[in-house]
Amino acid sequence: MLYCFGNARTADQLEQMRRLDAAGICLFCPDGLSGQQILMRTRHWSVTPNEYPYPGTSLHLLLVPDQHAGDLLDLPEEVREDFWAALGAVAREHRLSHYGLGVRNGDCRYTGATIGHVHAHVLVGDADAADAPPVRMRFSARPGGPGEPAGPGGPAPGYRPRSA
């Protein structure tokens, strides 16, 4: 599954996801990403502004690996190591003294992500706007939302607490 339509936050985002999905285009693979603004690149990562920034942010960037994977741990070690170089470059370029970092891994039907290509969010809350809401990033979802096919029966795969 490339896109998780039930996790779209706006009608425009959902429309874009459906259009790309119908064309078989991954927004974050190099061919799909080529139409977006790239602020910087490292050997394996691109940094781009989020087209649908979260409310309350003064900065919302995405770090996107060139290689398609659904989980950071599925990327080769050299790509994972280069992630830290990309994050450091972002912190220096934007003179970040504080930020949030969020990454959803695995099946996007359960993580709240809109796309199955792993990426990292760099989030800075808007401290200058008195009415800015707190920045919220969703890390869980249930399949079967609007436009989303129902997931398999039973609980989401993954972590299971041990019984006492």
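In terms of heavy-atom proximity, Gly56 sits nearest to Ala132 at CA-CB, 4.2 Å. Residues Ala113 and Cys4 come closest through the heavy atom pair O-CB, 3.5 Å. For Pro53 against Thr57, the heavy-atom pair with the smallest separation is CB-OG1, 3.9 Å. Gly112 approaches Ala141 most closely through the heavy-atom pair N-CB, 3.7 Å. His68 and Gly116 get closest at one heavy-atom pair: NE2-O, 4.0 Å.
For the pair Pro65 and His117, the minimum side-chain heavy-atom distance is below 4.5 Å. Inter-residue side-chain proximity for His44 and Arg80 is flagged as unmet; no heavy-atom pair is nearer than 4.5 Å. In this structure, Ile115 and Cys26 have side chains that are in contact, with non-hydrogen atoms separated by less than 4.5 Å.
For Ser140, the side-chain contact (heavy atoms from CB on, under 4.5 Å) test picks out no residue, with sequence neighbours left out. For Arg138, the side chain to side chain donor-acceptor pair (under 3.5 Å) test picks out Asn7, with sequence neighbours left out. Residues forming a side chain to side chain donor-acceptor pair (under 3.5 Å) with Thr48 (at least two apart in sequence, or on another chain): none. Every residue two or more places apart in sequence or in another chain that forms a side-chain contact (heavy atoms from CB on, under 4.5 Å) with Ala85 is listed here: Asp82. Remark: Phe139 pairs with Arg104, Met137 by the side-chain contact (heavy atoms from CB on, under 4.5 Å) rule, at least two apart or across chains. In this structure, the ring-ring contact (aromatic ring centres under 6.0 Å, His included) partners of His121, at least two apart in sequence or on a different chain, are Tyr54, His60, His119. Checked against side chain to side chain donor-acceptor pair (under 3.5 Å), Thr114 has no partners two or more places apart in sequence or in another chain. Under the rule for a ring-ring contact (aromatic ring centres under 6.0 Å, His included), His94 has no partner lying at least two apart in sequence or in another chain.
Counting Ile, Leu, Val, Met, Phe, Trp and Tyr side chains that sit under 4.5 Å apart, directly or through other members, Val79 shares a hydrophobic cluster with Leu39, Met40, Trp45, Val47, Leu59, Leu61, Leu63, Leu72, Leu75, Phe83, Trp84, Leu87, Val90, Leu96, Tyr99, Leu101, Val103, Val118, Val122, Val124.
Pairs engaging residues 24-38 under the side-chain hydrogen bond (donor to acceptor under 3.5 Å, both in side chains) rule: none recorded [sequence neighbours left out]. Pairs of residues two or more places apart, or lying in two chains, never qualify as salt bridge (Lys or Arg N to Asp or Glu O under 4.0 Å) while including a residue from residues 85-101. The salt bridge (Lys or Arg N to Asp or Glu O under 4.0 Å) pairs that include a residue from residues 34-49 are Arg41-Asp66, where partners are two or more places apart or lie in different chains.
Because its NZ or CZ atom is both nearer than 6.0 Å to the ring centre of Phe5 and within 45° of the ring axis, Arg18 counts as a cation-pi partner of that residue.
The backbone N or O of Leu27 sits less than 3.5 Å from a side-chain atom of Tyr3, completing a donor-acceptor pair. Distance alone, capped at 3.5 Å, places no donor-acceptor pair between the Glu15 side chain and the Ala11 backbone.
The CG atom of Leu73 lies 4.5 Å from the CG atom of Asp71; values are rounded to the nearest 0.5 Å. We find the CD1-CG distance between Ile25 and Leu20 to be 5.5 Å, quoted to the nearest 0.5 Å.
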Go through Arg109 and Arg142 one step at a time and tell me if the side chain to side chain contact (heavy atoms under 4.5 Å, CB included) criterion holds.
CA-CA 6 Å; Arg109 294 175 301 165; Arg142 289 192 175 101; over 6 Å; no
